[in-house]
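Down below is the structure, laid out as structure tokens.
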There are 2 protein chains.
Amino acid sequence: MNVATDSPRRQQLTRIAARLFMQQGFDRTTVRMLADAMGIKSGSLFHHFADKQEILCAVIEDSTRHALFSARRALADAAPTTRARLLALARVHLDTLHDDRHAHGVALYEWRRLSDEDREHLTHLRDAYETLWLQVIEEARRAGQVQGDAAIITRYALGALNWTARWYDPDGPMDTAQLAHELVDMIVAPAS
Amino acid sequence: MNVATDSPRRQQLTRIAARLFMQQGFDRTTVRMLADAMGIKSGSLFHHFADKQEILCAVIEDSTRHALFSARRALADAAPTTRARLLALARVHLDTLHDDRHAHGVALYEWRRLSDEDREHLTHLRDAYETLWLQVIEEARRAGQVQGDAAIITRYALGALNWTARWYDPDGPMDTAQLAHELVDMIVAPAS
DNA sequence: AGCATAACCAAGCAAGCGCTAGTGTAAATG
DNA sequence: CATTTACACTAGCGCTTGCTTGGTTATGCT
């Protein structure tokens, strides 16, 4: 149940499942379709996962852990100005959202299909991620670079970024760096 | 297929369907569950709707038409300053999002379950709504109150607002007017 | 009275669903 | 060499699904 402890085989299957769950939705993706895409028979699937629910949980957990890990590293590497730290978070958010777009789409659209336990477990991971953002925005607020309630700004920023999943075309003319800049310009007092 | 032309009975059934679709998701809501909640038998459902897909389309169409109508009226009634117009749009967006929260949640989560034709049809309605926003934000940009690309700002703003569906608690301490102000403060140059 | 229409119901079909049971096999382990 | 483990297979059970059929009842118009 963890990126580090999962067998390579299981991680590979999880990625395939993420693609199908995103393309068809969880309910419409049958275990037979999953097995076909994985190159095994439907019965064999249950050697790797206890049930269909566990596959969904694995998809979301993998991608969330990866995002959390990347964001922490980006913050550690970023210049110590609040603006640079915010920009680093935004860039990493957009990049992981897009690189792992299947899994993050699943996390968005299929959240309610999780069992109560799985959802609570994944909520903690999510909260850890949001807290990274909240802390940086709270820094920015104390430095006078952001006005208003830090919690609301955080959720607005994350909402704006997550919504890009619905309209941003990675093959289009814009790149994620531009988008990240545009977001930071929107939430902090306009810079030079 | 229209708020004005739909029979009252059909609109009533559509509202019930919106609630169930939001609570359980489209795929997990069976025609029998719908019929039960409507107080009729499952077969009778197909007197009002050609198939299950058409119910989904009706749910989304009704709510989108209502939002478009409300936004147009709010703009007509708003004071002529760009800030007032933006605030009016934000307030109406949050209010309809919340009043009609079941149906708008369905529009968010079940968009991909629509048939291609239905989706194209509803996309036009959506575009009409987004255009209202884009025009006001473009005004604001020309007036120097907003920096950056108007199209991106529009999508960021709508994303931030739509995301409130995932965290805003209408029974909590905040009201939608505060939220709307917070958004406008975020995207326009900070006012007094 | 005669008729049209909207609204409903009981029953059930064909298809598809998640999952289980039991078995085979090649590689790792003692 | 004997045993275990990991992974895959075939076959199919029990159940639910969206939708259809064929017919009934209530309302209101001409």
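Every chain is numbered from 1, with letters handed out A, B, ... down the list of sequences.
- The B:Thr30 side chain lies nearest to D:dT17 when the options are C:dC8, C:dC17, D:dT17.
- Rounded to whole angstrom, the span from the NE2 atom of A:His48 across to the C1' atom of D:dC7 amounts to 6 Å.
- With respect to the salt-bridge test (charged N to carboxylate O, under 4.0 angstrom), the residues A:Arg142 and A:Glu139 do not qualify.
- At the phosphate of D:dC7, OP1 or OP2 sits under 4.0 Å from a side-chain N or O atom of A:His47.
- Rounded to a whole Å, the CD1 atom of A:Ile55 is 11 Å from the C1' atom of C:dG18.
- Taking atom CG of residue A:Asp36 and atom P of nucleotide D:dC9, one finds them 11 Å apart after rounding to whole Å.
- Using a cutoff of 4.0 Å between basic side-chain nitrogens and carboxylate oxygens, B:Glu110 and A:Arg112 are scored as salt-bridged.
- If you take CG of A:Leu13 and C1' of D:dA6, they are 13 Å apart, rounded to a whole angstrom.
- The CD1 atom of B:Ile40 sits 5 Å away from the P atom of C:dC8 (whole-angstrom rounding).
- Whole-Å rounding puts the A:Met38 CE to D:dC9 C1' distance at 17 Å.
- Counting any heavy atom pair closer than 4.0 Å across all strands shown, A:Lys41 reaches a base atom.
- Summarising the geometry of B:Ala17 relative to B:Ile55, their closest heavy-atom pair is CB-CG2, 3.5 Å, with the distance given to 0.1 Å.
- Close to C:dA7, at under 4.0 Å from its OP1 or OP2, lies no side-chain N or O of B:Ser44.
- Where A:Gly43 and B:Asp51 meet DNA chain D, the nucleotide closest to each residue was compared, and A:Gly43 sits on the side nearer the 5' end.
- Under 3.5 Å, the side chains of B:Asn162 and B:His93 contain a donor-acceptor pair of N or O atoms.
- Geometrically, B:Arg126 engages B:Trp111 in a cation-pi contact defined by less than 6.0 Å to the ring centre and at most 45° from the axis.
- At whole-Å resolution of the value, CG in B:Leu45 and P in C:dA7 are 12 Å apart.
- Between B:Phe46 atom CZ and D:dC19 atom P the separation is 5 Å, expressed in whole Å.
- Among the atoms of the strands shown, base atoms are found under 4.0 Å from some heavy atom of B:Arg32.
- Residue A:Arg9 places at least one side-chain N or O closer than 4.0 Å to OP1 or OP2 of D:dA8.
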